[in-house]
Novice: 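One structure follows; several queries about it will come next.
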Amino acid sequence: MSVFQKIIDGEIPVEFLHEDESCVAFYDQNPQAPIHVLVVPRKPLKMLEDADLEDEALLGRLMLVANKVAKQLSLETGYRVVINNGPDACQSVYHLHVHLLGGRGFSWPPG
Ligand code: AMP
């Protein structure tokens with residue numbers, strides 16, 4: 001079972017910034033920016049490439065929740081949303097999640 005499943009199930013207590021029937025959002029324990037939040041679906045998809053048409057609404061929901069949390073946290077000058085998919089992208093937790101990063105400027109292209 002992934003660490004995120006344990007968080008969703010309440011086995012690892014964390015403060016949720018957002019919680020609904022389809023996903024939760026909480027602070028990343030190893031922040032890569034002044035604000036670093038993870039938006040995690042309750043459905044245990046391992047990675048983006050495992051999603052299919054039946055997950056279309058869920059994927060949209062994750063984006064809207066990232067935007068809602070960005071507003072909650074007053075990220076008025078911008079933010080970045082990232083999904084790492086697989087080893088080349090340095091995915092380390094195999095339970096789909098969206099990173100919401102903000103509070104500093106970001107360069108492009110990403111590393
Ligand atoms: P990724 O590399 O895209 O799979 O991102 C996984 C993220 O999960 C990393 O940024 C970790 O810091 C974060 N993470 C791992 N365990 C926890 C935890 N228990 N609570 C909060 N964030 C976590």
Side-chain angles (χ1 to χ4, degrees):
M1 183 191 288
S2 78
V3 65
F4 292 168
Q5 194 60 55
K6 289 183 181 166
I7 288 172
I8 288 165
D9 293 345
E11 286 178 38
I12 299 175
V14 304
E15 174 202 354
F16 288 147
L17 298 163
H18 172 92
E19 184 177 11
D20 65 32
E21 67 289 350
S22 58
C23 66
V24 299
F26 52 88
Y27 286 112
D28 195 293
Q29 72 174 9
N30 183 25
Q32 302 302 311
I35 289 179
H36 187 171
V37 172
L38 302 171
V39 184
V40 182
R42 293 184 187 276
K43 181 175 177 178
L45 289 165
K46 284 191 166 45
M47 53 207 298
L48 183 59
E49 71 183 54
D50 289 340
D52 59 26
L53 261 185
E54 82 174 21
D55 302 308
E56 194 172 15
L58 176 61
L59 295 177
R61 180 84 193 148
L62 299 178
M63 293 297 122
L64 291 176
V65 168
N67 184 51
K68 183 198 148 218
V69 173
K71 287 197 166 119
Q72 257 172 241
L73 298 175
S74 303
L75 295 177
E76 284 151 13
T77 55
Y79 58 83
R80 184 166 286 180
V81 167
V82 172
I83 295 176
N84 294 322
N85 184 87
D88 276 3
C90 296
Q91 183 174 1
S92 60
V93 176
Y94 279 76
H95 182 129
L96 176 64
H97 52 283
V98 171
H99 294 262
L100 166 65
L101 298 141
R104 67 170 170 86
F106 298 97
S107 57
W108 193 263

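Indexing begins at 1, ligand by ligand and atom by atom, following the structure's order.
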Novice: Show the nearest heavy-atom pair for residues E19 and V24, with the distance to one decimal.
Specialist: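 The answer is CG-CG1, 4.1 Å.
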Novice: For ligand 1, indicate whether the residue V14 contacts it via side chain, backbone, both or neither (heavy-atom separation under 4.0 Å).
Specialist: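 Near ligand 1, V14 shows nothing, with every heavy atom at 4.0 Å or more.
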Novice: Within the 3.5 Å criterion, strictly below it, is a donor on D28 or Q32 matched to an acceptor on the partner's side chain?
Specialist: no
Novice: Kindly state whether the ring of Y94 and the ring of F4 have centres lying under 6.0 angstrom apart.
Specialist: no
Novice: Among protein heavy atoms, which sits nearest to atom 5 (O) of ligand 1, and what does the distance come to when rounded to 0.1 Å?
Specialist: H97 NE2, 2.9 Å
Novice: With heavy atoms of C90 as the reference, note each atom of ligand 1 found under 4.0 Å away.
Specialist: 2 (O)
Novice: Under a 4.0 angstrom heavy-atom cut-off, which atoms of ligand 1 come close to N30?
Specialist: 12 (O)
Novice: May I ask which of Q29, H99, K6 has a heavy atom nearer to atom 16 (N) of ligand 1 than the others do?
Specialist: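 When every heavy atom of Q29, H99, K6 is considered, Q29 comes closest to atom 16 (N) of ligand 1.
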Novice: Under 3.5 Å between some N or O of ligand 1 and some N or O of S92?
Specialist: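 Yes, S92 has an N/O under 3.5 Å of an N/O on ligand 1.
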Novice: Report yes if the side chains of L96 and L62 come closer than 4.5 Å at any heavy-atom pair, otherwise no.
Specialist: yes
Novice: With heavy atoms only and a cut-off of under 4.0 Å, state how Y94 meets ligand 1: side chain, backbone, both or neither.
Specialist: neither
Novice: Which atoms from ligand 1 have a heavy atom of V3 less than 4.0 Å away?
Specialist: 16 (N), 19 (N)
Novice: Could you tell me whether some N/O pair between V93 and ligand 1 is separated by less than 3.5 angstrom?
Specialist: yes
Novice: Specify the protein heavy atom at minimum distance from atom 13 (C) of ligand 1: its residue, its atom name, and the distance to 0.1 Å.
Specialist: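 That would be D28 OD2, 3.3 Å.
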Novice: Does either side chain, that of H95 or that of K46, offer a donor lying less than 3.5 Å from an acceptor on the other one?
Specialist: no
